[in-house]
**Q** 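One structure, as structure tokens, below. Some questions next.
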Amino acid sequence: ARLIQSGAQTVSRLSTSRALIKTHWKSAKKLSGPDDRLLTWKKRSQSTHSILSKEQWAQLPNELTVRILKVPGKDRTGKAKPMYLVTTLIDHQVYPAQEIGELYALRWGIELRIRDIKTTMGMERLRSCSPGMARKEILLFAIGFNLVQYLHRRAARESGADPHRLSFKGALDRPNGANL
């Protein structure tokens with residue numbers, strides 16, 4: 001609701017219990033296909049774990065209409081498992097379900113690549129203590145990242161491969177990396 005109030009939209013994974021998903025699914029209005037539903041969520045009482053103040057909570061609408069999509073996905077082992085996405089992009093003619101599924105998959109791929117970069121470059125924790133030094137450390141990581149991205153793109157171009165199929169670590173370890 002706060003995203004919509006700020007003029008933004010969202011697509012995210014609905015990670016709740018199966019029973020809750022089934023309850024939502026059965027009560028939702030069917031849209032463009034059997035795996036595309038429209039649902040109205042009602043505002044509940046504020047949780048004690050909420051990050052919102054009482055005033056912010058009071059400003060939220062009492063109802064929020066969302067769209068729930070069932071899309072193909074994979075579990076942690078790579079086994080096929082349906083995934084449920086929730087989105088505020090509720091117009092099924094303007095935003096087809098397949099495109100929303102592809103958008104989420106693209107976003108997830110970006111997250112995985114960022115995690116790969118952070119791990120490979122040792123960026124999980126910054127070593128600096130002051131804000132000024134932390135900014136410099138992040139800037140150095142960005143410069144290093146851009147240099148490796150250049151190598152990554154060059155490796156993809158030379159091998160005729162899709163750059164998204166090559167890992168950051170693979171580009172970093174490339175034998176011709178010294179020829180930058």
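Each residue takes its place number in the sequence, starting with 1. Since this is a predicted model, take the numbers as computed values, not measurements.
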**Q** Side chain to side chain contact (heavy atoms under 4.5 Å, CB included) with Trp57: which residues, sequence neighbours excluded?
**A**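 Residues passing side chain to side chain contact (heavy atoms under 4.5 Å, CB included) with Trp57: Lys43, Gln46, Ser50, Leu52, Leu60.
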**Q** Within the distance-only criterion (no hydrogens, no angle test), does the side chain of Thr10 pair as donor or acceptor with the backbone N or O of Thr87 below 3.5 angstrom?
**A**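 No; judged by distance alone, with no hydrogens or angles, the pair does not exist.
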**Q** From Asn62 CG over to Thr40 OG1, what is the distance, rounded to the nearest 0.5 angstrom?
**A**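 So the gap between those two atoms works out to 12.5 Å.
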**Q** If you measure from CE on Met83 to NZ on Lys70, what distance do you get to the nearest 0.5 Å?
**A**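 So the gap between those two atoms works out to 12.5 Å.
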**Q** Under a single-linkage rule joining Ile, Leu, Val, Met, Phe, Trp and Tyr whose side-chain heavy atoms are separated by less than 4.5 Å, which residues share a cluster with Leu3?
**A**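 Once heavy-atom contacts under 4.5 Å are chained together, Leu3 still belongs with nothing else.
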**Q** Taking side chain to side chain contact (heavy atoms under 4.5 Å, CB included) as the test, write out the residues that go with Gln59, two or more places apart.
**A**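 Counting only residues at least two positions away or on another chain, Gln59 forms no side chain to side chain contact (heavy atoms under 4.5 Å, CB included).
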**Q** Tell me every residue that passes salt bridge (Lys or Arg N to Asp or Glu O under 4.0 Å) with Lys54, counting only those two or more places apart in sequence or in another chain.
**A**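 None.
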**Q** Work out which heavy atom in Ala134 is nearest to a heavy atom in Leu126; give both atom names and the distance.
**A**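 Where Ala134 meets Leu126 most closely, the heavy atoms are CB-CD1, 4.1 Å.
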**Q** With sequence neighbours excluded, tell me which residues meet salt bridge (Lys or Arg N to Asp or Glu O under 4.0 Å) with Arg67.
**A**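 Arg67 satisfies salt bridge (Lys or Arg N to Asp or Glu O under 4.0 Å) with Asp36 once adjacent residues are dropped.
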**Q** Do any side-chain atoms of residues 135-144 form donor-acceptor pairs under 3.5 angstrom with protein atoms, and if so which ones, sequence neighbours left out?
**A**
residue, atom, partner, partner atom, Å
Glu137, OE1, Arg127, N, 3.2
Glu137, OE1, Ser128, N, 3.1
Glu137, OE1, Ser128, OG, 2.4
Glu137, OE2, Arg127, N, 3.1

**Q** What residues form a salt bridge (Lys or Arg N to Asp or Glu O under 4.0 Å) with Glu63, not counting sequence neighbours?
**A**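 Per chain and number, Glu63 pairs via salt bridge (Lys or Arg N to Asp or Glu O under 4.0 Å) with Lys42.
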**Q** Please name all residues satisfying salt bridge (Lys or Arg N to Asp or Glu O under 4.0 Å) with Arg107, sequence neighbours left out, ordered by chain then number.
**A**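 Listed in chain order: Glu111.
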**Q** Other than Leu31, what residues sit in its cluster of Ile, Leu, Val, Met, Phe, Trp and Tyr side chains whose heavy atoms are under 4.5 Å apart, directly or through others?
**A**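 Direct or chained contacts put Leu31 with Leu38, Ile90.
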**Q** Going by the rule side chain to side chain contact (heavy atoms under 4.5 Å, CB included), which residues pair with Thr77 if we only count those two or more places apart in sequence or in a different chain?
**A**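 Checked Thr77 against side chain to side chain contact (heavy atoms under 4.5 Å, CB included); matches are Asp75, Lys79.
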**Q** Please tabulate, for side-chain N and O atoms in residues 95-104, each donor-acceptor pair with protein atoms closer than 3.5 Å (sequence neighbours left out).
**A**
residue, atom, partner, partner atom, Å
Gln98, NE2, Glu102, OE2, 3.0

**Q** Name all residues meeting the side chain to side chain contact (heavy atoms under 4.5 Å, CB included) criterion together with Lys118; count only those two or more places apart in sequence or in a different chain, and write none if there are none.
**A**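 Once residues adjacent in sequence are excluded, the partners of Lys118 under the side chain to side chain contact (heavy atoms under 4.5 Å, CB included) criterion are Ile114, Met123.
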